[in-house]
Amino acid sequence: MSAPTKRVLLANPRGYCAGVDRAVITVEKALETYGAPVYVRKEIVHNRHVVETLRERGAIFVDEADEVPEGALVVFSAHGVSPAVHEQAAERGLRTIDATCPLVTKVHFEARRFAKEDYDILLIGHEGHEEVEGTAGEAPEHVQLVDTAEDVAKVEVRDPSKVIWLSQTTLSVDETMERVDQLRERFPDLQNPPSDDICYATQNRQVAVKALAPECELVLVVGSQNSSNSKRLVEVALQAGADAAYLVDFAHEVQESWLDGVSTVGVTSGASVPDNLVMDLLRWLAERGYGQVDEVTTANEKVAFALPAELRKALKA
Ligand code: 2E4
Ligand code: SF4
C-alpha cells in the first residue's frame, strides 16, 4: 500500500490586514522621517517578530505615555487608546501619531455616540485586552465589559429598553453571537450595533480556516500568544473539525510529533503576522514531505487605509 499523500491546505485570506499594514508602515515611516528613537505605546501590533524587527530599527516600546521623555514622539498602537491616554500625552508635551486602526476608531465613535444618547453599553470583549480598555475608556460610566458567559448574569442596566451591545474587533463571530443570545435572553430589547464591530479581516480569516479545517488532521496558525485574532483562529479550526490546532510564532516551534499520522496540514496566520513567517513554515513542512500546497480561497480582500493624518502632513512637508 502506498503512503497517503501529504499536503498543505493554505488559507486565503490570512496574515496582514489593512490596519496592521498601516500601523507597521507608520512606525517605519516615523523612523525614516524623524530618526530613532521613536517611542511606541504598547506593541504596535501583537506579533513578536514585528516588534523585534522594529526594535532593532530604533523603536522603543513602552507600556505607558509617562515613560516617554517630555517632548518626544510617540506612536499609539493599532489597538487604540482611551481619551485619558491622549490627555496624558498632551500634558507631557508629547508629539503623537495615532496608528489606531480606523475600524477600531469606528467602535470608539459608536461608544461615544450611544453614551451621549444615554444608553447602557454592553461591550463584548476580552478583559485586560488593550482594545477594550481603549473603547471602554471613551465612556466608562456607560460601558460594562462582558467577557465570559458568567459576566452576562452580572450585568445591571438602568433601563432595559435602552441597551446596546458593541464588541472588540477580533472576536470569534460564533462565540460573540452566543454571548449576544445570552444577553438578549436577559434584555429582549437589546439593540445591535449599527454595523459589524468584528472587522472584515477577522471574519474573513475565520471563514477561510473553517473551510479547510474539516479536511485537516492538524491546523497550524502562525501568530503570537497575545494576539486575540490569531488565538481565535485556533479555536475556530478546532470547532470546525480539525483534530488538532496549534499557535506558533515561528516554524521551529512546531513539534515533529504533531505530524505523526497527519496527511493534511492546514496553515493560516493572524492579522498581525507577516507572510514571510508563513513561507518559512511552508519550507519547514516541505522538508518533511508536505511539499504540495493547495490554497483555499474564500475571499478577495482589497481594503487599504491612508496613513495617519499627522504622518501624511509630515511626509508632504
Ligand atoms: C488592532 C485591532 O487585537 P489582537 O490581539 O488580535 O491584535 P493583533 O495585533 O494581533 O492584530 C491586529 C489588530 C490590531 C487587530 N485589531
Ligand atoms: Fe483593523 Fe481588523 Fe486589522 Fe484589527 S484586525 S487592525 S480592526 S482591520
Side-chain angles (χ1 to χ4, degrees), residues 11 13-27 40-54 59 61 75-82 85 97-111 123-138 145 147 166-173 175-176 193 195-209 221-236 247-250 268-275 277-278 299 301-308:
R14 64 177 180 277
Y16 266 26
C17 60
V20 166
D21 198 40
R22 172 183 187 261
V24 174
I25 294 175
T26 295
V27 179
V40 183
R41 181 187 177 274
K42 310 283 186 191
E43 292 188 351
I44 185 72
V45 297
H46 292 150
N47 185 265
R48 268 171 63 188
H49 178 75
V50 170
V51 168
E52 277 315 314
T53 307
L54 291 173
F61 293 90
V75 178
F76 295 139
S77 82
H79 313 94
V81 293
S82 68
V85 174
I97 299 178
D98 189 354
T100 304
C101 175
L103 299 181
V104 173
T105 303
K106 187 207 76 164
V107 186
H108 282 227
F109 275 126
E110 291 171 349
L123 177 64
I124 304 177
H126 295 300
E127 180 137 37
H129 191 283
E130 283 142 39
E131 183 184 323
V132 292
E133 284 175 357
T135 306
E138 289 287 351
L145 183 68
D147 185 344
L166 301 177
S167 86
Q168 190 176 333
T169 57
T170 52
L171 302 181
S172 143
V173 174
E175 209 185 316
T176 303
S195 62
D196 284 353
D197 287 343
I198 300 180
C199 78
Y200 82 95
T202 301
Q203 297 195 30
N204 286 347
R205 280 148 194 69
Q206 289 174 17
V207 169
V209 82
V221 179
V222 183
S224 292
Q225 291 297 333
N226 60 345
S227 168
S228 167
N229 79 88
S230 306
K231 279 177 103 164
R232 301 295 82 79
L233 292 175
V234 173
E235 294 166 2
V236 170
L247 184 64
V248 291
D249 261 297
F250 304 102
T268 187
S269 56
S272 45
V273 180
D275 218 41
L277 298 181
V278 175
E301 293 183 344
K302 291 204 172 76
V303 183
F305 297 128
L307 289 174

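Note that ligands are numbered from 1 as they come in the structure, with each ligand's atoms numbered from 1 the same way.
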Quick one: do Arg41 and Glu130 make a salt bridge, cutoff under 4.0 Å?
-> no
Residue, atom and distance of the protein heavy atom nearest atom 7 (O) of ligand 1 read His79 NE2, 3.2 Å
If hydrogens are left out, which of Ser272, Ala99, Gly270 has an atom nearest to atom 8 (P) of ligand 1, that is, the closest non-hydrogen atom?
-> Ser272
Contact partition for Glu131 relative to ligand 1, non-hydrogen atoms under 4.0 Å | side chain
Is it true that Asn226 lies under 4.0 Å from ligand 1, counting heavy atoms only?
-> yes
For atom 11 (O) of ligand 1, what's the nearest protein heavy atom and its distance?
-> Asn229 ND2, 3.1 Å
Distance from atom 12 (C) of ligand 1 to nearest protein heavy atom, with residue and atom = Val20 CG2, 3.3 Å
Nearest non-hydrogen protein atom to atom 3 (Fe) of ligand 2, with distance, is Cys17 SG, 2.2 Å
Considering the heavy atoms of Thr169, write down every atom of ligand 1 situated less than 4.0 Å from one of them.
-> 2 (C), 16 (N)
Flag for Thr169-Glu131: side-chain donor and acceptor within less than 3.5 Å | yes
Starting from atom 4 (Fe) of ligand 2, find the nearest protein heavy-atom neighbour and note its residue, name and distance.
-> Thr169 OG1, 4.0 Å
Side chain or backbone of Ser227 under 4.0 Å from ligand 1, or both, or neither, by non-hydrogen atoms?
-> both
What is the closest protein heavy atom to atom 15 (C) of ligand 1, and at what distance does it sit?
-> Thr170 CG2, 3.5 Å
How long is the span from the CZ atom in Phe61 to the CD1 atom in Ile44, to the nearest 0.5 Å?
-> 7.0 Å
Between the main-chain N or O of Arg48 and the side-chain N or O of Ser224, is there a donor-acceptor pair closer than 3.5 Å?
-> yes
Should the proximity of Val45 to ligand 1, defined as any heavy atom under 4.0 Å, be assigned to the side chain, the backbone, both, or neither?
-> both
For atom 1 (Fe) of ligand 2, the protein heavy atom that lies nearest, with its residue and separation | Cys101 SG, 2.3 Å
Taking only non-hydrogen atoms of Val104 and a 4.0 Å limit, the atoms of ligand 1 in range are 2 (C)
For the residue pair His79 and His46, does the interplanar ring angle fall in the parallel (under 30°), tilted (30 to 60°) or perpendicular (over 60°) class?
-> parallel
Numbering the atoms of ligand 1 from 1, which are under 4.0 Å from a heavy atom of His129?
-> 3 (O), 4 (P), 5 (O)
Does Asp147 use its side chain to pair, donor to acceptor, with the backbone of Glu127 at less than 3.5 Å?
-> yes
Closest non-hydrogen protein atom to atom 9 (O) of ligand 1, residue and atom name please, with distance?
-> His46 N, 2.6 Å
Output the list of atoms in ligand 1 that are nearer than 4.0 Å to some heavy atom of Ala78, sorted by atom number.
-> 1 (C), 14 (C)
Which atoms of ligand 2 sit under 4.0 Å from any heavy atom of Tyr200?
-> 8 (S)
Looking at Glu110 and Ser195, what are the two nearest heavy atoms and their distance?
-> OE2-OG, 3.8 Å
Compare every heavy atom of Leu123 with every heavy atom of Ala136, then report the nearest pair and how far apart it is.
-> N-CD2, 4.1 Å
Crowding at CZ, Phe109 (>12 non-hydrogen neighbours, <6.0 Å) = no
Counting only N and O atoms by type, is there a donor-acceptor contact under 3.5 Å from the side chain of Arg22 to the main-chain atoms of Ala18?
-> no
If we ignore angles and hydrogens, is there a donor and acceptor under 3.5 Å between the side chains of Thr100 and Asp98?
-> yes
With a 4.5 Å limit on heavy-atom distance, are the side chains of Val107 and Gln168 in contact?
-> no
Backbone or side chain, does Cys199 get an N/O/S atom under 2.8 Å to atom 2 (Fe) of ligand 2?
-> yes
Looking at ligand 1, does Arg232 have a heavy atom less than 4.0 Å from it?
-> no
